[in-house]
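Structure record follows, encoded as structure tokens.
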Number of protein chains: 2
Amino acid sequence: MAVTQTFQRLKPPKREKILATAIHEFARHGFRQASLNRMARMSGIAKGSLFQYFGTKEGLFRFIFDHAVELIRHNLRRVKAETADQDFFERIRSSLLAGVAFIRQHPHIYQIYLKMLFQEDFPFREEFLEKIHLFSAEYLTPLVEKGMAEGDLRPDLDVDLVVFTLDAVMDRFLQAYCVPFLDGNAAVFQAPPQRVEKQVGDLVELLRSGLGARSGGTRLAMNE
Amino acid sequence: MAVTQTFQRLKPPKREKILATAIHEFARHGFRQASLNRMARMSGIAKGSLFQYFGTKEGLFRFIFDHAVELIRHNLRRVKAETADQDFFERIRSSLLAGVAFIRQHPHIYQIYLKMLFQEDFPFREEFLEKIHLFSAEYLTPLVEKGMAEGDLRPDLDVDLVVFTLDAVMDRFLQAYCVPFLDGNAAVFQAPPQRVEKQVGDLVELLRSGLGARSGGTRLAMNE
DNA sequence: GCCTAAAATGACCACCTGGTCATTATTGGG
DNA sequence: CCCAATAATGACCAGGTGGTCATTTTAGGC
């Protein structure tokens, strides 16, 4: 029992106000520090009703958590399908842009994700971390494997290491979009769409080409 | 007034036990959820003493925070000096290994860092985020610039973007070392020294060479 | 051994938390 | 219009919080 029929039978505006308030509260304060008193006050309902609907604080969080997981799963599937015909780097570019778009649309959900990452007293944290793992495993891994098979990627790459690196860079980009000072001097934080587009493009190019001086480029130097 | 002389005059074993307990508590529970009652009990002192020493919970945290900042600053300076004669990629490799070594030596400090990253109700969070920014600006940026000047890096790179990427990958590697499931299938989590060494080496090679198939390789394909 | 200044103590305070439940209000079928 | 089922309510509870402070203990110069 996570959520009662009573809640499902509520009129949509009320139901959604309660959910929005709860999501906002969890996003702002994390699980433990989120206050059901505040939620009740902000939703304009009695605290007792929250318990009637969701049983416990954890029940309410579970409901929101599952909702968010479904949202994300759906989004990933859509992006994967929509980009199926693109080459590897274009796909990464599209995926990252889709990530930014998702955050623009659901900023609080991403905030909850960030809070859960390192806060240990979240319920379902293990389940949550495993789902992140699944994102890498089910989304990026096949993408990389296809990229290698089609010659977009060097054939000698270690798939797991590539997935790890992509995950690192992409997630950090999204974090930098949401949290000030995480972007170094790259000005990613709350960047307008046009700038995001350029930054993502540059970032993907960097991943493609690497940092090292090209052997082709140094060959000239070796000739002098 | 952050810390009183009374605390500084304590006999070292007692002083350090109190500090170690506090660091442990903040690392485990974050700032808000950390309990002074627990700290007092675990340190074997009265709660009142904590307030005599540090004034407030925030004063105690400030003391630990400044201590940690000093530790990190010192460490960065040392690594920077020790690797001054290495080439760029070797320096990144050494820096990352030094990061892992630091975490092995001060796991709780890194845990506090992780908790502060996205938890908004930490005191000094802004100051803290600015200090992270400084890490990029003062540590990585000159390193990249020198690397470009000396021809280790491609000369056409955007310095800020490179710093951003390095920061992303390095920080995520350290996170994956500390938090399960953040490593995809790369098996970074609590990896033994030998494996860490190999993974760091591979990661740096990947950064150097990039993901893309070499233009020399695709040229053949274009001929067919 | 005494006396005073400094330090340690823990009972106590107001406040907030998640959760309960007897009471009240609402609803809809007959 | 009535009545029973369902839903909403908020006073109340035990427990935990950061913080206070009158009281006791300790330390060290004389």
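Values reported hereafter were calculated over all heavy atoms of this structure, with side chains retained and with hydrogens, waters and symmetry mates removed. In what follows, chains carry the letters A, B, and so on, assigned in the order in which the sequence lines appear, proteins first and then strands, with residues in each chain numbered from 1.
The shortest side-chain heavy-atom distance between F124(A) and E58(A) falls under the 4.5 Å cut-off.
With a 6.0 Å cutoff to the six-membered ring centre and a 45° limit on the axis angle, K146(A) does not count as a cation-pi contact of F88(A).
Defined by atom type and a distance below 3.5 Å, a donor-acceptor pair is missing between the side-chain atoms of T6(B) and Q52(B). Residues Q33(A) and Q119(B) bring no donor and acceptor atom of their side chains to less than 3.5 Å of each other.
Rounded to whole angstrom, the span from the CZ atom of F61(A) across to the C1' atom of dG18(C) amounts to 16 Å. Following rounding to the nearest Å, M39(A) (CE) and dC16(C) (P) show an atom-to-atom distance of 17 Å. In this structure, CZ of F54(A) is placed 15 Å from C1' of dG18(C), rounded to the nearest angstrom.
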One character per nucleotide, please: for nucleotides 5-22 of chain D, 5' to 3', B when the base has a protein heavy atom closer than 4.0 Å, S when only the sugar-phosphate does, - otherwise. --SBBB------SBBB--

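In terms of the ring pair (Phe, Tyr, Trp, His ring centres under 6.0 Å) criterion, residue partners of Y110(B) (sequence neighbours excluded) are, by chain and number, Y113(B).
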